[in-house]
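Report on the following structure.
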Amino acid sequence: MSQIPLAIPITDTPALNLADIQGDIIVGLPKRFEEFLFFQINDAAGFKKGLKQLIPAITSTADVVKARKAIEQHKNQGHNNTLETSGINVAFSFKGLKKLGITESTGDPDFEAGQLAHAKNLGDQGTDADGKFDPKWLPAFKHDIDGIFLFTGDSKPSACNAAHKVEHLLGKSIAQVLKVEGNVRPGKEKGHEHFGFLDGISSPAIAAVTPPLPGQQVVKPGVILIKQEGDVNTDKRPEWAKNGSYLVYRQLNQLVPEFNKFLHDNPIDLPGLPRDKGSELLGARLVGRWKSGAPIDIVPTHDDPVLAADPNRNNNFDFSKVKDQTNCPFAAHIRKTNPRSDLAQFGPDAVARHSIARSGIPFGPEVSPDEAHQSKTQHDRGLSFVCYQSSLANGFEFIQKSWANNVGFPPGKKDAAGNPIASGFDPIIGQNGNLDRTVTGTNPTVQGNNLTLPDDFVVSKGGEYFFSPSLSALKTKFSA
Ligand code: N7H
C-alpha cells in the first residue's frame, strides 16, 4: 500500500485546493519508513500553541505532488541513492477533539464511538465476559488515544528527524501511548506485503484530480474528502471539517509461516500442475492477484510479471468476462473489497461510494529461517493498515463487515449448474470472531467445494478511528 506510482499525474482544480489537504490522504506520503506515534494530550493549551508553530511543517497534498516529481527526477538522473524526503501528518480521535474543546459533531457516529466499541462487530478475536467484549488487542489500543502523528521518510533517520521536530515543539503537552515503526520490505520484496504479494496497485482515481488508468475506479472527491462533491453526509458536517477525511488505523498481524504452510499443504490439484505451482495458484486465488500483482481475472493459470508491471493493463478487468469462479473466486480478497462489475445491477455508484484510499505500510522483521522451518510465527509482523474515507459507515466499516465478513457477498452468484452459491469469507481479511471460516471457488474445477481455513492469517491487534483535518482547520480550529 505504500507503493504508489511515483509520478502521479495530478491536476490542481479550483474545486480542490491541494495545499489545504493533508498529504497522506489522496496520493499518499512517499515512504520507505514510517513512524506512527499514538499520543494523549496532557495540556490542551500547550498543545495548541505548539501545533501553531508546527503547521508549516505539516505535509500537504501539494507538497507530496512536488516531492514525488523531485523523486522521479532524482531517479531519472541515474542516482542510485534515495532522495532525502520526509513528511508529517496529524489526525485526532473523537476523544482528542473533545480535549481540544471541539465538542460539535463531525457527523460520523462510528468515529464518535471509536474503534474499540466496534471491535466485536468487526469480527475481531476476543472474549465475552459479563456482557462485555474484550478484544485480543495490544493493551495500548485499549487506552484512550487522542491523536496520531505520521512521520515518513526515505529512511529511518529522515522520518526520525521529522519526529524530533514535533517532540521539540510539543514537548510535554503530549505523551506517547504507542509507537509503531513500519518499513518497506527489503530488496526485491520492496512494495510487497509480508505474504509476498505486490501491494498498492489499485486505488480509486479522484474525478477531475487524478486521471484514471484503464480499469481504475473513478470516485467523486467527496467519497474520500469531507464536504466535497459526493460526500453523502455533507449537511451534517461543520464547515471546518471540509477537506478533512477519516483515517482508519488497524494493526494487522500476519501469520506468514502459517499462511505459507497452509498453501503448501493444500495445493490446487490440476492435471499436469506440479505441487509447488498448485500452492502458488491457491495463494493467487485467495488474493485475486499473483505475487507479481498480475490479476487472475486476466491470467488465471500462470503469473505474468510483464502484465503486472504495466499500469495500463494491471487494473483493466472487472470480473465480467467469466461468470463463474473459473478465473477468480467470488471471495478473493481483491474481489470482496472492490467487487467491480459484481454489483452492476445496483447501479454505477454501488461500488464507487464504498471506495477507500489506502496508505499503509508493512511492519516487523522478515521471516527468520527458524520460523520458516517450524511454520510458526515467533516475531510480530504485518500491516499497519491505513485508509481514508469521508464516511466510516460507507468505507472501512462497510467493506470489513458487509463484504469481507459476509459469506453471502457478492449476492446473486450461481455455480456452473445454476444453483445459488454463497462465496464464503474473504480468506485474507474476513473475520468470524474465534470461529472457523470457509471459502468456496478456490479450486477452479470443483467450484462448489468448501475450503476450511484453519486459522485467521490476519489478526487484528487493534486500532482507532481518527479525523485528519485540513491545513486551514488546523490553523483556525485546532491551534492557538
Ligand atoms: Fe487489501 N494481501 O496481501 O492480500 N490487498 N490487504 N485490505 N485491499 C490488496 O490492488 C492485504 C485490507 C483492499 O481495487 C492487494 O493494491 C493484506 C483491509 C482494497 O482491486 C493485496 C491485508 C482492507 C484493495 C492486499 C489487507 C483492504 C486491496 C492487491 C492485511 C479493507 C484494492 C494490491 C494484512 C477493509 C482492491 C492492490 C482493488 C488490495 C492484501 C488488508 C482492502 C495484495 C495482507 C483491512 C480495497
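Whatever order the structure lists them in is the order used to number ligands and atoms, beginning at 1.
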Under a 3.5 Å cutoff, is there a donor and acceptor pairing between the side chains of N443 and T445?
yes

Numbered in order shown, the ligand 1 atoms found under 4.0 Å of a heavy atom of D199 are 9 (C), 15 (C), 16 (O), 21 (C), 33 (C), 37 (C)

Value for NE2 (H264) from CZ (F259), rounded to nearest 0.5 Å, stands at 14.5 Å

Practice task
State if R340 counts as touching ligand 1 under the rule of any non-hydrogen atom under 4.0 Å.
Solution key: yes

Note: ligand 1 atoms sitting under 4.0 Å from heavy atoms of Q254 are 34 (C), 44 (C)

*asked:* Within the structure, is a non-hydrogen atom of G200 found at a distance of less than 4.0 Å from ligand 1?
replied: yes

Near V287 (heavy-atom distance under 4.0 Å), the atoms of ligand 1 are 4 (O), 43 (C)

When you measure from the heavy atoms of L198 to every atom of ligand 1, does any distance fall below 4.0 Å?
yes

Have D456 and Q431 got a donor and an acceptor in their side chains that come within less than 3.5 Å? no

In ligand 1, the atoms that come under 4.0 Å of a heavy atom of I428 are 4 (O), 17 (C), 44 (C)

- More than 12 non-hydrogen atoms from neighbouring residues, nucleotides or ligands closer than 6.0 Å to NZ on K461, yes or no? yes

| request: May I ask you to decide whether R237 forms a salt bridge with D231, counting only side-chain N to carboxylate O separations under 4.0 Å? | output: yes

Closest heavy-atom approach to atom 31 (C) of ligand 1 among F385, W403, F398, F457 is made by F385

ask   = Looking only at heavy atoms of R335, does any of them come nearer than 4.0 Å to an atom of ligand 1?
value = no

Going by distance alone, is a donor N or O of one side chain under 3.5 Å from an acceptor N or O of the other, for S470 and Q22?
no

One finds that the ligand 1 atoms under 4.0 Å from a non-hydrogen atom of F197 are 43 (C)

Looking only at heavy atoms, the pair that brings W137 and D124 closest together is NE1-OD2, 3.0 Å

N338 to ligand 1: N or O pair under 3.5 Å?
yes

Does either side chain, that of Q115 or that of Y249, offer a donor lying less than 3.5 Å from an acceptor on the other one? no

Under 4.0 Å between heavy atoms, the region of R289 that gets near ligand 1 turns out to be side chain

_Check for me whether R250 has a heavy atom closer than 4.0 Å to any atom of ligand 1._
no

To atom 30 (C) of ligand 1, the nearest of L383, V459, D426, N405 on a heavy-atom basis is L383

Quiz item: Are any of the N or O atoms of R358 closer than 3.5 Å to those of ligand 1?
Solution: yes

Per-atom filter on ligand 1: closer than 4.0 angstrom to a heavy atom of F396 are 35 (C)

Near I399 (heavy-atom distance under 4.0 Å), the atoms of ligand 1 are 31 (C), 35 (C)

Can Y388 and D24 be counted as having a side-chain donor-acceptor contact under 3.5 angstrom? yes

*asked:* Parallel, tilted or perpendicular: which one describes the rings of Y246 and F111, with boundaries at 30° and 60°?
replied: tilted

If only side-chain N and O atoms count, and only distance matters, is there a donor-acceptor pair under 3.5 Å linking S423 with K336?
yes

